[in-house]
Structure formats: C-alpha cells, structure tokens
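Have a look at the structure below before the remarks.
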Amino acid sequence: MIDKNYQPADLEGRMSLIWEDARAFSAGRPDRRDADPFTIVIPPPNVTGSLHMGHALNNTLQDILCRFERMRGRDVLWQPGTDHAGIATQMVVERQLMERQQPGRREMGREKFLERVWQWKDESGGTIINQLKRLGASCDWGRERFTMDEGLSKAVVKVFVELHRAGLIYKDKRLVNWDPKLLTAISDLEVQQLEVKGNLWYLRYPIEGRTFSPEDPTSFIVVATTRPETMLGDTAIAVHPDDERYQHLVGKRVILPLVGREIPIVADTYSDPEKGTGAVKITPAHDFNDFEVGRRQGLPQISILDREGCVALVDNEDYLRGLPEGSEEFAREFHGVERFAARKKILERLEAFGFLERVEPNTHMVPHGDRSGVVIEPYLTDQWYVDAKTLAQPAIAAVRSGATTFVPRNWEKTYFEWMENIQPWCISRQLWWGHQIPAWYGPDGKAFVAETEEEAVSHAIAYYVEQEVISAEQGREMALDRNKREGFITRDEDVLDTWFSSALWPFSTLGWPDATPEVKRYYPTNVLVTGFDIIFFWVARMMMMGLHFMGEVPFSTVYIHALVRDEKGAKMSKSKGNVIDPLALIDEHGADALRFTLAAMAAQGRDIKLSTQRVDGYRKFANKLWNASRFAEMNGCTVPEGFDPAAAKEPLNRWIAHEAAAATREITDALEAYRFNDAANAIYRFVWDVYCDWYVELSKPTLLGEDGPAKAETRAMVAWARDEILKLLHPFMPFITEALWESTAKRDGLLTLSPWPHRTDAPTLAEIAALSAASFGDPLVPPILVSFDAASFKDEAAEGEIGWVVDLMSSIRSVRAEMNIPPSTLIPLVLVGASAETKARAPRWLEAIKRIARVADLSFADSAPDGSAQLVVRGEVAALPLKGVVDLAAERTRLTKEIAKAEADIERVDKKLGNEKFVANAPEELVEEEKEKRDAALARKAKFQDALSRLQGV
RNA sequence: GGGCACGUAGCUCAGCGGGAGAGCACUACCUUGACAUGGUAGGGGUCACAGGUUCGAUCCCUGUCGUGCCCA
C-alpha cells in the first residue's frame, strides 16, 4: 500500500536502513564476480567537515554515476573515507581546549595532545559520513578509510622513503611561505593573494663617501618599497643594467640608513626602470624575488624576523656582522617589536633623519595564509621538498596522450599551465597532527630516512662507525641495547602536508603497498569527480603519485563540476551569511529533491546558482510520481508474471513502450557523457509530460471501463511503465524510487540492484530512411541494419495514432479556451472529410476525447456545419459547431490570425526557396523539407480561409 | 598583466549553423473519481552591442561594453 501523502523524511530514513541491511553497496558481491568493476574514490572530506553545498553536489554526481553503473551490472566500488586535515583539525582541537579553559597544546606536550585529537576524531569525526548517508551516497561504507589509519600511514611512509631514495624528496634551505600565526611553513597553494591598500615608501640610501644631505640628490639613491621594515635585512640595491640614470653608481656602495651596513649597488634585470625609481632594495631573506637576485649576485641573506614575525636582532650574527660600534644598542631597541609596529617605528626614525623622501598610496597584492588569514612572511628555513617538476612530466604526458581526460575538456589547459610551471612542493609542516616525517638526525644533523626507527638506527650506526665518530664496539652496543643509544638520533618533529597522503588516496585506500586483490581489481579507478578548486591541490598530485608508484594513471576521466553559489551568484561563505545548508534543505524538501535539483542544474562549465524554490519544485515532481503510482495501485495495475511489453496490442500501450524506449536512450546517452542536466530533464519530461499528462490520462477510459483484454493489458502496461520510470529515476532520486518499488509489487530484490532498462535503439524515421538509403544496392549490407528485437518497441502506427489524438485534444482545448467556453459546456465534434484511418481511429478514442476535451458527441461530415469553429489537425479539418454557444466575431478574429500565421510561414519559406544560392548550397533534404513545409502551410491556409468564408455566410 | 568562463522571457537557466526553449513567477479558467504539492489555456524575448564569414548566424570569427573566476 502506498501512503496517501509523500513524506520524504521517514521514507528516506527507512530506505537507508534497507540498503544497509542488504549490504547493497558492497563491492565484490559474489554475483558480480565476473562483472566489470567500476570504481570511484570519494574526494575525502575533512574529518572536521560538515556537509556543505559543494559536498552535496559533488557526492550527488558521484552517486548518480555509481547507481547508474551498479544497475548496469557493474561491480561498483565507491570508496569512502575522510581526510585528517592537518591544520584544520589541529586548530579545532586547540580551540576546544581554549574554550574549556584546559591546558593548551604546548603545555600538554605532543603525545597527550595527539591522544586528545584522536579522541576528538572518534567522537566527532563521523559527522560528515552520516550526513553523506542522509544524502543517499551509495558508498561501500564497510571500507571506510582515514588518511591517518594504519594502512594509509604505511603507504605514506613507504612513498616518502622511496621518493627520498630516488632523490625526488630532499631537504633544502630556501624561502618558504611562513605563517607567523600557525608557526608553520605552508605550500604556495595554501597562500591567497589579496589586494591590500598600502603605501609605497621612497627611501633615501646615502651613497658611500658622500656627505648625506636631503637637499643634495647626488648624495643618495632613492628606492621605493612596500615593506620598509625589511630594510634591516637589505644586502644590496639593484638597478637595471640598461638604466642610464644609474650607470655611474653600479659597483658603488651605499650606507644602509639606521643600520650602517655597507651594501653594494648591483646591476640586475629584476629591477624594473618603470617602477618606482627604478632602483630597488634587495632583501634576500624576506622576499622571493630578492632571494633569486641575491643568489645571482652572491649576496648574503640576513633574516631579521623570528618565527612569530617579530624583529630579531639581538644575538643575530648575520645581522650584526660588520656593523659599526654601538649597533647593539639599536638592535636592542628594535628587538622583539612586532613586524607592523616595527614598520611604523622604522618609518618614524627614517623620517626624523631625512631618509624618507615621500609616501605614495599603493594598492598591491599581499600573500595571506588561507587558514590563519594573517600576512604570510617569506622566511628562510630548512624544509622537505618534493621534486614536483620531475614527477610532473609523466603526469603531463598522460593527459596529452588521453590516458586521462578532463570533462569538460577545457580544464586540461589549466592543468597543463600549472604542471608546466610547477615549483618544488614544500611538504613539511611544523604541526603535530599528521604523518610524522620518517627522518632521524644524527649528532651532526645528518638525516637518515627509513621506514622504521630501527632501520634508521642501523643506518646511522653504520655511517658514524665508518666516519669514526663512534667506534665499532660502541656501534655494536648501541645496536643491541636501546638504552645505549638514547638521544643518539632524534626524529624529525615535523609532519607532512595533508595533501601528501591525499595524493595516494586512489591506491592507498585499496591496501597498497600490499598486493591486495582490491588493488588489482579496482585500480586504476574510472572517474574522479571534483571541483576545479582542487585540480592543483589534489588531482595533479594524484596523477604524479599514481603514475610513479602504480605505473598507471589513477583515473581515466576527471569530471570537473561547477561551484554552487547562492541565488544571486555570490560565493557562499560564512562571513557573507549566505550559506544554504544542504541538511536544512533535506529536512524541508527531502534528499531526493535536493539531489535532483543539483543534477538538473549541473550543466557542464557553468556555476550553479541554487534557489530553494527550485528544490521545492522538484519535491513537487516527486509528489507527482508518488500520486501517479497511487493511481496505478488504486486501479489494480500490476505487471503479471511473464508479461512482455513488446507484445502489447493496444496502440496506447505500444506508444508508451515506444516513448519509454526513447527516454531510456536519451537518459543513458546523457549519463554516459556526464550530461547530468540533460539526463535529469529527460526523465522529468518523461514522467510528467508523457506518462502522467498523456499516458495515464488516455488510459483512464480503459481502466475505468469494462473488464477485458484491453483493460488487462493496460493495467499491466501502466505498471510496467511505472517500473521503467522507477529504474530510470533511481540514480537521481534513490529514496522515493526504492520506496515505491517496495510498495507497488512483490519484488525479487532491491531496485538499487535491479537491471537498468534495456537500452533499445529505437531509430527515428529519418534514421531508418537514411540506413535504408545507405544500404540500398549494396548486397553486403542488409536493407535495415538495426535489428528490431523484441524490446525495441518501435511502432510508427502507434506513434501516429496517439500523436493524432494528442494534437486533436490540444487543439480543441486551445479553441475552447480562446472562445471562453466553460468546461461545463459540452460541444459536439465533427470530423470533416476524414480519411479512412481517422474514421477507424476516432471511435477508439471517443471516451477519452469526450472526457478530456469536454466533447458531447462525435460525427463525421463532408463539410463543416455552418457557424462552426474549425481546426486543422494533421492536415484534416475538425469542426466544433458553436452556433449559439459562442461569439462568432471572436472566431473570425481567431481564424484571421491563423491565416496570417500561415501566410507568414509561407512567406518565410518562399523567401528561402526563392534564393537561388540557398537551393544550390543547402543540403537536399533541407530544401525538400522546406518545400514540404510550404505545402503544409498552404493547405492550412486554404482550410482556414474556407472556414472563414463559411463563417461569413452565417 | 596572462588565462578561462559568461551576458538568451520578470527570475534561474538549457540550446548553439537552417522555424527561439524549460522551470519558477505572471494572467484567465477549472475542486473532472492519483495529485490544488493539481489541471487547461495564454501573455512575455531586435538571443549585450558592432562588424565579418556563410545561401543562411542566438550559435562560428574579430572587436567593444558589462559580469565572474583563476594565476602573476
């Protein structure tokens, strides 16, 4: 029994349990052992995450593909899991400690803190998984993985060690993006360039050997800078080698104001003569460009800030080297001053001594940490790097060769652009939550990279014995006794970038590095579904790691979907307060409605502007299906055992089979091409416009009429078509379809595991004509290539008949509305000069016509009765005698309009056909088509004119 | 500055070389035995603008204007 009302909330909960109990989404089901695998790995959401609209879209699309392929008989593995999200998670737990006024991370110590994070993960880390289940995600939940679980950690260590051994991971001292709030290095991708209104300060640097005077321009050189506080670490001034203004100064030295350091003026093409004064200060330890200039020019690097972004001059040997007497005092004065306070203080001092020439407002881009939001400091530190340039080569080649393709294609350009200019990837993070780097340092700081501490120890001992740092005897003792080597080597404290482990996701989740059956069966995966914002973060890196370690691309297709925005097109963000919570939408409208909305709006290459109104509309769609199913139930519609829809005799039933086949084909084609919106719209139209509005309506007379073969067949067919709908709609609206599947018949199994409707190639008339023409006269090709198997349902006669009924009814309704004839008024219908075919058809549809078009009775005549409204239906005239019922003037107006319309058509076609070039150049079929249109329009015009003259006579 | 999109009905968006489409909103009518979360009919668009290619351009090309995003 189907409930009277469609209530998504309880129905969706119930279906989730049914699927779970049946383990419906388990990969490797015994009955599919021989099936083709179909694999998708989920983009693992952060454990800290809560389902947002982006997740909802991303997972809806993946689920549609998985359910589609599962119904097509594939062995589907949708691999779920979560990401440990280093910085984000650590921040969440630290915040929690602070809110509860508990000891902070540092006070607790590393071990205790990590315990605490794990505890948090166990308690709260499952939130998003449950939310994904509410959305209907058909993942193989039993295989859920976490980037920091044992198996995945093993993969991470293995990858690190192997890449290090291959020279593709190395330690280097260079500038990194340093986050002075989170106190860690971050990668280029985690830096956001934000436009900031600042100033350009013009500073005078006195030239050595001249007496400095603000009045004497020859006594100094002016440099422009946006970061005056870094002048403490300047080690040169650069001018362009071709800049004539400064030729005479190259090679001379200047005295760094306030500091007193002597620094050279060098010629370097980095300096842009158009910008500022053309002379630029060089601070290699605090600016990426300056760092490169410094390297080229052999300049010292003087770091003048500490980890927290405060000036650090006391005991700073690099800074103090070579400075005049009394510099310590200045150093003490500025030591510990925060960077922005220091900027102000230094500017005041420069101004006081006449070193500040002028200030210009200047808007420029400033790097910010995407997590902390603070200004990033280029900072000189030792970090671990991946040689991304080398790893990128095969990854570029794989996309070039088509081993992996992007959908839509244009994202490949973005991918290439980035991959071809890829920079070393800084992978070490000064955090605690994450995979600790498997490197141990000996007493002299030499690094030993190994999979285990034991292994590192033995490498270290061997090395130091050979270096004669320790004796062979000592070495043996240390190897045997843990206590003896206490403190001999210490592990690197840093952890890896979260994306390092995510990069391994397509194979680490399958059990790699072990040679599991899963790795063999499910790698490479079929498609990756993700947003364009993580092509660099994730997709590119999976490509690199997958190719390097598995020797094969991790996925053959990357489907890039759009961003979900609010209804005005603004990016959803907490600060703007325009976030639409998918869970709230699910509560209100149901997961099915939300999913359908997202799918219907997921046109390739276009962002989704989500409106809740639309979601509500699709809930109504679900309600419509619900009620149509109730109608079927109330009329005893079931599919009898062994029923063959292809054997249906009734034209209406043959017609719906034909339409179902066409819809199947359209939906299947669209899904295969990732055109989710086309697929969604096709099923929507089929359910509402075809099945509900016409098929069910036209079947009512039969269903409500006397028992007999026609009624039995119609009952079976109404149910059969509904089942086809449930299947075709299931990937989009899994809950309601499964629920209706369950409640409308006794079933062998779940809908979600039922076979997808047979993809019948129902060729159009044009296709049949083309095929026949193409094969005509060729003895090797049979006249018609397409075999019309039992399930092909192609039926021109049925299509012609139902098409005529539909057109007739629509026309009558239209005229009635225009004439303002109330539904209560039944009018007679006269078919004028009807063909034999029409004469045969019409009585079959009498009941339906009476009912739907509000017709009193039907008769045939050779000419239209006087004073009747006349319609042209498929070239034949239908008359509605309206004498006394209707305003004849209104009918005259209507006919005049119809005639004008026909004339306009004729005129347009004539213009075309009158154009010699058109006739000469356009394809022959098109010219034929135009001629046919012309004839049809002429005939229509004649009939309306005839009708009009008849009306005049009244 | 470089790159990628996008300007189509009041709104949100499909379509993309041969007669302008959907949903919502709007107007009128209808409680007909699945559904008023419904039905029927209808109004509404020089497809941003200007050139070009073509027999033919909303669609292809160029430019202009406007909007958004990514990278430097």
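Letters A, B, ... mirror the listed sequences (proteins, then strands); counts begin at 1.
Scanning for side-chain hydrogen bond (donor to acceptor under 3.5 Å, both in side chains) contacts around A/E633 gives an empty result, with sequence neighbours left out. For A/D616, the side-chain hydrogen bond (donor to acceptor under 3.5 Å, both in side chains) criterion is met by A/H589, A/R619, not counting sequence neighbours. A/D723 meets the salt bridge (Lys or Arg N to Asp or Glu O under 4.0 Å) test with A/R747; sequence neighbours excluded. Listed by chain and residue number, A/H730 satisfy the side-chain hydrogen bond (donor to acceptor under 3.5 Å, both in side chains) test with A/T737 (two or more places apart in sequence, or in another chain). Every ring-ring contact (aromatic ring centres under 6.0 Å, His included) that A/Y415 has, sequence neighbours left out, goes to A/F406. Scored by the salt bridge (Lys or Arg N to Asp or Glu O under 4.0 Å) test, A/E420 finds A/R400 as partners (sequence neighbours excluded). For the ring-ring contact (aromatic ring centres under 6.0 Å, His included) test, residues two or more places apart in sequence or in another chain that qualify with A/W411 are A/F532.
Distance, A/Q193 CD to B/rC71 P: 9 Å, rounded to whole Å. Between the CD1 atom of A/I2 and the C1' atom of B/rA34 there is a distance of 9 Å, rounded to whole Å. Here the P atom of nucleotide B/rG42 and the CE atom of A/M819 are 12 Å apart, to the nearest Å. We find that OH of A/Y695 is positioned 15 Å from P of B/rA34, with the value rounded to whole Å. Here the C1' atom of nucleotide B/rU37 and the CD atom of A/Q7 are 12 Å apart, to the nearest Å. For A/D616 and B/rC11, the CG to C1' distance is 16 Å, given to the nearest whole Å. Rounding to whole angstrom units, CD1 of residue A/I852 and P of B/rU32 are separated by 15 Å. A/W411 has its CH2 atom 8 Å from the C1' atom of B/rC70, to the nearest Å.
Here A/S814 reaches the OP1 or OP2 of B/rG42: one of its side-chain N or O atoms lies under 4.0 Å away. In this model, the phosphate group of B/rG39 is approached by a side-chain N or O of A/W688 to a distance below 4.0 Å at OP1 or OP2. Between A/K4 and B/rA34 there is no side-chain N or O to OP1 or OP2 distance below 4.0 Å.
For A/K917, the listed nucleotide lying nearest its side chain is B/rC55; candidates were B/rC55, B/rG23, B/rA14. Nearest to the side chain of A/K413, among B/rG3, B/rC35, B/rU12, sits B/rG3. For A/F536, the listed nucleotide lying nearest its side chain is B/rC71; candidates were B/rC35, B/rC71, B/rU12. Comparing B/rC35, B/rU12, B/rA41 by their closest approach to the side chain of A/R630 singles out B/rC35. Side chain of A/A817, nearest nucleotide from B/rA41, B/rA34, B/rC4: B/rA41.
Using a 4.0 Å cut-off between charged nitrogen and carboxylate oxygen, A/R227 and A/D287 do not count as a salt-bridge pair.
Across the interface with RNA chain B, nearest-nucleotide mapping of A/N915 and A/S629 shows A/S629 to be the residue nearer the 5′ end. Along RNA chain B, the nucleotide nearest to A/V919 and the one nearest to A/M634 differ in position, and the one closer to the 5' end is contacted by A/M634.
A donor and an acceptor atom, one from each side chain of A/T414 and A/E417, are nowhere located under 3.5 Å apart.
Within the model, atoms SG of A/C692 and CD1 of A/I725 stand 6.5 Å from one another, a figure rounded to the nearest 0.5 Å. Expressed to the nearest 0.5 Å, how far OG of A/S824 lies from CZ of A/R854 amounts to 7.5 Å.
Applying the 3.5 Å distance criterion, the base of B/rC35 shares a donor-acceptor pair with the side chain of A/K624. Evaluation of atom-type donor-acceptor distances gives a pair under 3.5 Å for the side chain of A/E697 against the base of B/rA34.
Rounded to whole Å, the separation between the C1' atoms of B/rC6 and B/rG42 comes to 32 Å. Rounded to whole Å, the separation between the C1' atoms of B/rC30 and B/rC35 comes to 15 Å. Separating the C1' atom of B/rU8 from that of B/rA20 is a span of 9 Å, rounded to the nearest Å. Straight-line distance between the P atoms of B/rA5 and B/rG63: roughly 14 Å, to the nearest whole Å. Comparing the P positions of B/rG19 and B/rU32 gives a spacing of 42 Å, expressed to the nearest Å. Using C1' as the reference atom, B/rA14 and B/rU54 are 26 Å apart when rounded to the nearest Å. Spacing of P atoms, B/rU64 relative to B/rC4, comes out at 15 Å, to the nearest Å. The same atom, C1', is picked in B/rG18 and in B/rC59; the two are 11 Å apart, to the nearest Å.
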Please produce a list of atom pairs where a protein N or O lies less than 3.5 Å from an N or O of nucleotides 25-28 of chain B.
none

When you compare the protein's N or O atoms with those of nucleotides 18-20 of chain B, which come within less than 3.5 Å of each other, and at what distance?
residue	atom	partner	partner atom	Å
B/rG18	O2'	A/K912	NZ	2.9
B/rG19	N2	A/R908	NH2	2.9
B/rG19	N3	A/R908	NH2	2.8

With a 3.5 Å cut-off and sequence neighbours excluded, list the donor-acceptor pairs that the side chains of residues 673-684 of chain A form with protein atoms.
residue	atom	partner	partner atom	Å
A/R675	NH1	A/D678	OD2	2.8
A/N681	ND2	A/N677	O	3.1

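Pairs of residues two or more places apart, or lying in two chains, that qualify as salt bridge (charged side-chain N to carboxylate O under 4.0 Å, His left out) and include a residue from residues 684-699 of chain A are A/E666-A/R685, A/E697-A/K700.
Where RNA chain B pairs in unbroken runs of 3 or more (Watson-Crick or G-U, both distances under 3.5 Å), the stems are B:1-7 with B:65-71, B:10-13 with B:21-24, B:26-30 with B:38-42, B:48-52 with B:60-64.
Nucleic acid contact for A/R851: base, since at least one base atom lies under 4.0 Å from a heavy atom of the residue.
Looking at heavy atoms from C-beta onward, A/I422 lies in side-chain contact with A/M544 at the 4.5 angstrom threshold.
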